[in-house]
Structures are given as C-alpha cells and as structure tokens.
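Heads up: the structure comes next, in structure tokens.
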Amino acid sequence: MNNKIKTLACLIGVLPVLYACSNGEDAFTSTGSSSSSGTTPSALHISLASSETPAEVYTGTLADPTSQEWIVNHPVEISVVVGDNRNFRVSSGTVYFETDYGLLSSKSCTLSQGSCSITWYSEGFSQAPGDLRTSITAWIMGEEGYWDNDDSGNFNDGDVWLTDTPEPFIDYDHNGAFTPGTDAVIDVDKNGAHTPADSLFNGVNCTHSTLCSGTTSIPVFDILLLNLDART
C-alpha cells in the first residue's frame, strides 16, 4: 500500500515553509554532503505504521467465530517515519494527519530523529466504514523522490525520477487513488480542488534540462488502511 501511494503521491502546491531556518538559510536547501540527518522530506521515504494489525476494535472469540463486540475508544498508536532522497532520516519538521473515521489525539506531530506518532481512537459501530477499515493520511512539506546516481545532491539529467505527486487526500473508498466525488481533498494549496501531478520534478536543487518545476516545495504523504476487524 505504502509504495503504491508514494509512487502516486504527494502534491503540487506552494505553502509557507514549515521548518525553522537558521542564519537566513532556506530550510529546504540540500547540500548533497554526507550527514546522519536529512533536511528535505522525500515522497519515497514517508511511511505510516500502526501498533496493531488488525486493530482490536471488532472482536470475536475462538470458541465462537461469529461472536462480535465493537470496542469504543480503543487506542492505536500511529507512527510515521520520514527520510530524504539520500536515505537519511529527516531531523525536524511537522507531520499532519487526517482520517475518514475515528478520532485523532492530535492533528500533527513534530519529528524527532525522523519519526513521531499520534494516537487514533475508535468511535461507534454506526459511524464505521462498511468494509471495517479506516484510512489515515499523513503529510509533510517536502519534494518528489529520485535516485541520485552521481550523488551530487541535485536532480539532474543522469538521475532517475521516481515519483510524480498529486495533492494528498482522504481515501474514503480505500482504493489508494483519488476518486472525484468520493474522496476528500486535503486542500493544501487552497485552490478549492484536488491538484493532480504536473509531470515535472517538484523539489529543491533541480538542474535537469527539461523536468524542473517552478514549485520546489510540495506536500509528500502516505496513506495507511487500518483493519478494524480483529476476527480476521
């Protein structure tokens, strides 16, 4: 699921930078030098995970597989790991969350050494999606993913572009792609509509002869489908 979303996913849009800058330096500037921590989140390296798979919300017993109980206010930790295009964990930044069902402990978390987490809580059975799964989307400002063949820290003609990323969304039909009229737009660029991928590389330090976009900072995201049926 994560790989499919990430090769689709992220977003075209211009937003205020969500990182603290020092000495007047752009927080999304990549030096290309070796480091134990990254600077710019990559669409290739944002991953969501849950503390339970499946979640213990819709439960049954081994003696009677047809028995069932719906647990309200059941907590599940949702963690996110973020890295850059040089495969280093991103040192800081804010990750935002949305869901189609359940309650979140916070709308965001702050990265510490490339990871952070929030808690998801179940609601009543009547509000639950029919397939007994919930969709959780996490996004952070970053750039599209590429393979830096020459280790230059730039996206150039010799590198391999790996993601072309649309705007993030809440996946109400749980199919991994944006469905107009069904899924909800996470309208980061504030244009009132879902913004598709633009067939250009959106990222910092682009020196490619034909693929550089004027938009260098985009929301990159991942979508987690959490199974609520513990009987499975």
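Here, residue 1 is the first one in the sequence, and each next residue gets the next number.
Scanning both residues, Tyr121 and Thr119, for their nearest heavy atoms gives CZ-CG2, 3.4 Å. When all heavy atoms are compared, the tightest approach of Thr137 to Pro168 is CG2-CB, 4.5 Å. When all heavy atoms of Arg89 and Gly114 are compared, the pair lying nearest together is CB-CA, 3.9 Å. Taking every heavy atom of both residues into account, Ser105 and Ile118 meet most closely at OG-CB, 3.6 Å. Leu162 approaches Leu44 most closely through the heavy-atom pair CD1-CD1, 3.5 Å. Of all the heavy atoms in Ser122 and Tyr101, the pair that sits closest is C-OH, 4.0 Å.
In terms of modelled atom types and a separation under 3.5 Å, the side chain of Asp148 and the main chain of Gly153 share a donor-acceptor contact. For His194 (side chain) and Phe169 (main-chain N/O), no donor-acceptor pair under 3.5 Å exists by modelled atom type. With hydrogens and angles disregarded, a donor-acceptor distance shorter than 3.5 Å links the side chain of Ser51 to the backbone of Glu77. In this structure a side-chain-to-backbone donor-acceptor pair under 3.5 Å is present from Asp171 to Asn175. With Asp164 contributing its side chain and Ala197 its backbone, the two residues share no donor-acceptor pair below 3.5 Å. Judged by distance alone, the side chain of Asp183 and the main-chain N or O of Gly181 form no donor-acceptor pair under 3.5 Å. Not one N or O on the side chain of Asn154 forms a donor-acceptor pair closer than 3.5 Å with the backbone of Asn156. Judged by distance alone, with hydrogens and angles left aside, the side-chain atoms of Ser79 form no donor-acceptor pair with the main-chain N or O of Ser117 at under 3.5 Å. Side chain of Asp100 to main chain of Ser135: a donor-acceptor pair is present (N/O by atom type, distance under 3.5 Å, no hydrogens or angles).
No donor-acceptor contact under 3.5 angstrom links the side chains of Asp84 and Ser42, judged on distance only. For the residue pair Asn202 / Ser213, a side-chain donor-acceptor distance below 3.5 Å is found, with atom types taken as modelled. Side-chain atoms of Ser47 and Asp222 form no donor-acceptor pair, as typed in the model, at a separation below 3.5 Å. For Thr99 and Thr134, the side-chain atoms include at least one donor-acceptor pair closer than 3.5 Å.
The stretch residues 81-176 participates, sequence neighbours left out, in these disulfide (SG to SG under 2.5 Å) pairs: Cys109-Cys116. Screening residues 116-139 for salt bridge (Lys or Arg N to Asp or Glu O under 4.0 Å), with sequence neighbours left out, gives Asp131-Arg133. Sorted pairs that involve residues 152-188 and meet disulfide (SG to SG under 2.5 Å), not counting sequence neighbours, are lacking altogether.
Here the CG atom belonging to Asp159 is positioned 5.5 Å from the OG atom belonging to Ser152, to the nearest 0.5 angstrom. One distance of note links CG of Asp229 with OG1 of Thr59; it measures 9.5 Å at 0.5 Å rounding. A distance of 9.5 Å separates CD1 of Ile223 from CD1 of Ile170, quoted to the nearest 0.5 Å. Going from atom CG of Leu200 over to atom CD of Glu144 covers 8.5 Å, rounded to the nearest 0.5 Å. Rounding to the nearest 0.5 Å places CG of Leu224 at 10.5 Å from CH2 of Trp120. The line from CD of Glu167 to CZ of Phe178 is 8.5 Å long, rounded to the nearest 0.5 Å.
Listed by chain and number, the residues in a side-chain contact (heavy atoms from CB on, under 4.5 Å) with Cys206 are Phe155, Phe201, His208, Cys212 (sequence neighbours excluded). Scored by the side chain to side chain donor-acceptor pair (under 3.5 Å) test, Gln113 finds no partners at all (sequence neighbours excluded). Taking the side-chain contact (heavy atoms from CB on, under 4.5 Å) definition, one finds that Ala55 meets it with Glu52, Val57, Val76, Leu226, Leu228, sequence neighbours left out.
Annotation: side chain of Ile71 is in contact with side chain of Glu69 (closest heavy-atom distance under 4.5 Å). In this structure, Ile140 and Thr94 have side chains that are not in contact, with every pair of non-hydrogen atoms separated by 4.5 Å or more.
Cluster membership for Met141 and Val185, using ILVMFWY side-chain heavy atoms within less than 4.5 angstrom, is shared. Put simply, Val81 and Tyr96 are part of two different groups of oily side chains (I, L, V, M, F, W, Y) that touch within less than 4.5 Å, one to the next. Leu132 is connected to Ile78 through a chain of hydrophobic side-chain contacts under 4.5 Å among Ile, Leu, Val, Met, Phe, Trp and Tyr, so both are in one cluster. Both Leu104 and Val80 are members of a single hydrophobic cluster when ILVMFWY side chains are connected at heavy-atom separations under 4.5 Å. Transitive grouping of hydrophobic side chains (ILVMFWY, heavy atoms separated by less than 4.5 Å) brings Phe97 and Leu111 into a common cluster.
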Next item on the list: Under the side-chain hydrogen bond (donor to acceptor under 3.5 Å, both in side chains) rule, what do Asp173 and Thr182 come out as? Steps first, then yes or no, please.
Entry: CA-CA 7 Å; Asp173 59 6; Thr182 300; 4.9 Å; no
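Just one residue in the list Thr165, Asn85, Thr163, Thr216 forms a side-chain hydrogen bond (donor to acceptor under 3.5 Å, both in side chains) with Glu143, and that residue is Asn85.
Checked against the 6.0 Å centroid threshold, Trp161 and Tyr146 do not count as a close aromatic pair. Not less than 6.0 angstrom separates the ring centroid of Trp139 from the ring centroid of Phe221.
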